[in-house]
Amino acid sequence: MSETIFVAEQVLLGRILEGDDESLLSQTVSALSPAAFATEAHRSVFQVICTLVSENRPVDLPSVAAELTEHNALGQVGGPSALAAMTTTSLSASARAPQQHLEALANREHMQRLATQMEQALDLIRDGHLATIDEVQVRLAGIFDTPSFQAAAVPDIGAQVQELRQELQVRLESGPGALDGVPTGWKDLDGGQDSMALVKGLKPGRLTILGARPGTGKTTAIVDWVRAACESGAGVILFSLEQTAAEITELLVVAECANLHREKLKDPSQLSDLAWDKVSESMARVASWNLVIDDTTRTLPRMRRMTAAARKKFQARGSDLHVMFEDYIQLTEASDAQQASQPRSQQISDIANGFKALSKDMNIHVVAAAQFNRNSADADRPPKSSELKGSGGLEEAADLILALHRPHAVDPQGATETPDELTILGLKSRHGRAGWAFPRTFLGEFARTSEPRPRQFVGGS
C-alpha cells in the first residue's frame with residue numbers, strides 16, 4: 001500500500017469523524033464498503049461508522065471511539081491517538097480533498113468489482129456455460145449496468161439553475177443596494193444610502209488583491225476590513241508577514257477607540273481615566289471577535305493548515321470562517337526547494353493561484369495585500385495593476401484588484417494633496433465594472449480610514 005492511499009483514507013475518515021458533514025457521510029456510506037479501505041484499521045473504523053449510520057446514531061470521533069471500546073477493538077485500530085491522527089490529517093488537507101479521495105476510493109473499489117465479475121464471465125466462457133455471443137453480451141452488459149460514482153456525482157444543470165433562481169429571489173427581496181457578503185466597512189464598496197455599492201461585500205470563492213505603494217497605508221486598510229468583518233460576526237484569520245501579532249492587535253484596539261492617537265499607548269501612564277475606559281472597552285470587543293492573527297506562518301501549505309484549524313476553532317463556538325487576510329503577498333515564502341528555484345515572479349503567480357484555489361476549496365473570501373514596484377512611485381500618477389510585483393500572476397488570479405493612491409505618502413514635498421487624502425481605485429473586477437475611483441480620509445495616527453470629510457477652504461469671495 002502506498003503512502004498516498006494511506007493518507008487519502010486518513011483524510012476521508014478524519015473528515016467524517018469531525019461529525020459535521022452529513023452529506024459526505026451519506027455519500028461515503030452509500031458508495032463504499034469496508035473492503036474499499038487498504039488497511040485493517042481503516043476497515044474496522046469504517047465498519048463502525050456504517051453500523052452507527054444503520055442504527056441512526058450520531059457519527060463523530062467520541063461515538064466511534066466508544067463503539068470500538070465496547071467491542072474491545074479500539075486498541076486494534078491504534079487507540080484514541082490513531083483516531084485523533086485521522087482528524088489532524090484531515091485538517092491539514094484542502095476542503096475539497098475528502099470528496100476527491102472518496103471519488104478515488106469509490107472508483108478503485110468499482111474497478112476491483114468489475115475485474116472480479118469479468119474474470120467470472122471468462123471462466124463461464126471457458127467452461128462452456130456461456131456458449132453464444134448473445135449470452136456473453138448479456139452477461140457483460142449486466143457488469144456495466146451500475147454507474148460509476150463519478151457518473152452519479154456529475155453536477156446537474158437543473159439543480160444549478162434552481163440555485164440561481166433562489167439567489168435571484170434573495171437579491172430581489174434584498175433590494176439593489178443590499179449587502180450580500182462580508183462587509184469591508186467602506187460604504188462605497190459595501191453599499192448604503194448615497195453610496196456606489198461597487199462590491200456589496202466580500203463573497204466566498206473570490207480573491208481580492210489590495211495594492212499600494214510603500215508607506216501608503218495598506219495595513220491600515222486591512223485593519224479597517226478586519227474590524228468590519230469581525231464586528232459583523234464573521235470569522236477571520238489574518239496572516240501578518242510584515243508586522244507582529246502584538247502590533248496588529250494594538251492597531252485594532254486603537255482603531256476601535258476611534259479618536260485615540262496611536263502615540264498615546266506608548267506611554268499609558270499619560271492616559272486619562274476616560275481614555276483608559278475607552279481602551280478597556282476596545283480591548284474587550286477585540287477579544288470577543290472570531291479572529292486569529294498569525295505572524296509566524298509564511299508558506300501557502302502552512303496557511304492552508306492554519307486556515308482549516310481556524311475554521312474548526314470557530315465552528316466549535318457556533319460560528320465559521322469567512323475571510324482570510326494576508327499582509328502581504330510578496331513576503332510569502334516558497335513552499336519547497338523546487339518552488340524556491342523558480343523565478344520570483346513565477347513563485348508569486350503560483351502563490352496567487354493557490355490563494356484563489358483556497359478561496360474556492362474552503363468557500364471563503366481571500367484578501368491579499370500587495371506592493372507596487374518602487375520604480376512606479378510617481379506621486380501624482382495613479383498606480384496600475386501591471387506595476388504590481390509579480391503582476392502577471394496576480395492579475396490573472398484576482399477577482400478584484402484595488403489600489404490605494406495617496407500621493408503625499410510617496411512625495412510629501414511634491415504632492416499637491418494633503419496627507420489624509422486617499423483615493424481607492426478599481427483596477428480590475430471580474431464580476432463587475434472596473435475603472436472607478438472613490439475617496440477616503442486616511443487617519444493613520446488613529447489606525448483607520450473614514451468616509452471623506454468636507455474640505456475647509458480659507459479665503460476667496
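Numbers here simply count residues along the sequence, with the first being 1.
In this structure, the side-chain contact (heavy atoms from CB on, under 4.5 Å) partners of E263, at least two apart in sequence or on a different chain, are H261, K266. By the side chain to side chain donor-acceptor pair (under 3.5 Å) test, N363 is found to be paired with no residue, residues two or more places apart in sequence or in another chain being considered. Partners of T249 by side-chain contact (heavy atoms from CB on, under 4.5 Å), not counting sequence neighbours, listed by chain and number: I293. Every side chain to side chain donor-acceptor pair (under 3.5 Å) that T297 has, sequence neighbours left out, goes to D294. For F314, there are no ring-ring contact (aromatic ring centres under 6.0 Å, His included) partners at least two apart in sequence or on another chain. Taking D320 as the reference, R311, Q315, H322 meet the side-chain contact (heavy atoms from CB on, under 4.5 Å) condition, with sequence neighbours excluded. Remark: W186 pairs with W225 by the ring-ring contact (aromatic ring centres under 6.0 Å, His included) rule, at least two apart or across chains. Partners of F37 according to the ring-ring contact (aromatic ring centres under 6.0 Å, His included) rule, which considers only residues two or more places apart in sequence or in another chain, are F46. Applying the side chain to side chain donor-acceptor pair (under 3.5 Å) rule to S23 yields the partners Q27; only residues at least two apart in sequence or on another chain are considered. For S26, the side-chain contact (heavy atoms from CB on, under 4.5 Å) partners two or more places apart in sequence, or in a different chain, are S30. Remark: K356 pairs with D399 by the salt bridge (charged side-chain N to carboxylate O under 4.0 Å, His left out) rule, at least two apart or across chains.
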Quick one: do H408 and F442 satisfy ring-ring contact (aromatic ring centres under 6.0 Å, His included)? Show the steps, please. CA-CA 11 Å; H408 191 278; F442 181 77; over 10 Å; no
Does the pair D60 and S63 meet the rule for a side chain to side chain donor-acceptor pair (under 3.5 Å), with working shown? CA-CA 5 Å; D60 54 22; S63 65; 2.9 Å; yes
Report the C-alpha distance between K264 and E445 in whole Å, list the side-chain angles of each, state the deciding distance to 0.1 Å, and finish with yes or no for salt bridge (Lys or Arg N to Asp or Glu O under 4.0 Å). CA-CA 10 Å; K264 295 288 184 67; E445 66 273 26; over 6 Å; no
Going through the distances and angles, do V223 and T449 end up as a side chain to side chain contact (heavy atoms under 4.5 Å, CB included)? CA-CA 9 Å; V223 167; T449 72; over 6 Å; no
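Closest approach of T51 and S54 over heavy atoms only: O-OG, 2.7 Å. Closest approach of G215 and A409 over heavy atoms only: O-CB, 3.4 Å. Of all heavy-atom pairs spanning G444 and R262, the tightest one is O-CD, 3.1 Å. The shortest non-hydrogen separation linking I5 to A38 is CG2-CB, 4.1 Å. The minimum heavy-atom distance linking R57 with E67 is given by the pair NH2-OE1, 2.9 Å. Closest approach of P383 to L404, counting heavy atoms only: CG-O, 4.4 Å.
Side chain of D295 to backbone of A245: a donor-acceptor contact under 3.5 angstrom is found. Distance alone, capped at 3.5 Å, places no donor-acceptor pair between the S232 side chain and the V182 backbone. Panel note: side chain K187, backbone E451; no donor-acceptor pair is recorded below 3.5 Å. The backbone N or O of S359 lies less than 3.5 Å from no partner atom in the side chain of R206, so there is not a single donor-acceptor pair. A donor-acceptor pair under 3.5 Å links the side-chain atoms of Q330 to the main chain of Q371, judged by distance alone. A donor-acceptor pair under 3.5 Å is formed between the side chain of T307 and the backbone N or O of M303. In this structure, R213 contributes its side chain and V410 its backbone to no donor-acceptor pair below 3.5 Å. Judged purely by atom type and a 3.5 angstrom limit, N353 uses its side chain to pair as donor or acceptor with the backbone of S349. Panel note: side chain D190, backbone T184; a donor-acceptor pair is recorded below 3.5 Å. Between the side chain of T89 and the main chain of A85, a donor-acceptor pair closer than 3.5 Å is present.
The CG atom of L164 sits 9.5 Å away from atom CD of Q166, with the distance rounded to the nearest 0.5 Å. Between the CG atom in L400 and the CG atom in L198 there is a gap of 9.0 Å [rounded to 0.5 Å]. Interatomic distance, CD1 of I401 versus CG of L207, reported as 8.5 Å (0.5 Å rounding). Going from atom CG of L300 over to atom CZ of F239 covers 9.5 Å, rounded to the nearest 0.5 Å. Considering CG of L210 and CD1 of I329, their distance stands at 12.0 Å, rounded to 0.5 Å. Taking CG of L32 as the reference point, atom NE2 of H110 lies at 12.5 Å (rounded to 0.5 Å).
Between E256 and R285 there is a salt bridge, since a side-chain N of the basic residue sits under 4.0 Å from a carboxylate O of the acidic one. With salt bridges taken as basic N to acidic carboxylate O contacts below 4.0 Å, none links R440 and D188. The pair E421-R406 does not meet the salt-bridge criterion, since no charged nitrogen lies less than 4.0 angstrom from a carboxylate oxygen. A salt bridge between K278 and E281 is absent, with no side-chain N of the basic residue lying under 4.0 Å from a carboxylate O of the acidic one. Ion pairing of R108 with E9 is present here, as a side-chain N (NZ or NE/NH1/NH2) and a carboxylate O approach within less than 4.0 Å.
Using a 4.5 Å heavy-atom cutoff, the side chains of R298 and T332 are not in contact. Residues Y328 and L241 have side chains not in contact (no heavy-atom distance under 4.5 Å, counting atoms from C-beta outward). Residues L83 and V45 have side chains in contact (heavy-atom distance under 4.5 Å, counting atoms from C-beta outward). Side-chain contact between F438 and L189 is present, with heavy atoms from C-beta onward closer than 4.5 Å.
In this structure, Q338 places its CD atom where only 12 or fewer heavy-atom neighbours from other residues, nucleotides or ligands lie under 6.0 Å away. Applying the 6.0 Å contact sphere to NZ of K360 captures no more than 12 heavy atoms from other residues, nucleotides or ligands. Atom NZ of K384 has 12 or fewer neighbouring heavy atoms from other residues, nucleotides or ligands inside a 6.0 Å radius. Heavy-atom contacts from other residues, nucleotides or ligands closer than 6.0 Å to CZ of R317 number more than 12.
A donor-acceptor contact under 3.5 angstrom links the side chains of T208 and H365, judged on distance only. Inspection of the E395 and S385 side chains reveals an N or O donor paired with an N or O acceptor under 3.5 Å. Side-chain contact of D420 with T441: a donor-acceptor pair under 3.5 Å is absent, judged by distance alone. Side-chain atoms of S90 and E18 form a donor-acceptor pair, as typed in the model, at a separation below 3.5 Å. Side-chain polar atoms of Q346 and D350 form a donor-acceptor pair below 3.5 angstrom.
Annotation: salt bridge (charged side-chain N to carboxylate O under 4.0 Å, His left out) contacts involving residues 321-330, sequence neighbours excluded, comprise K218-D327.
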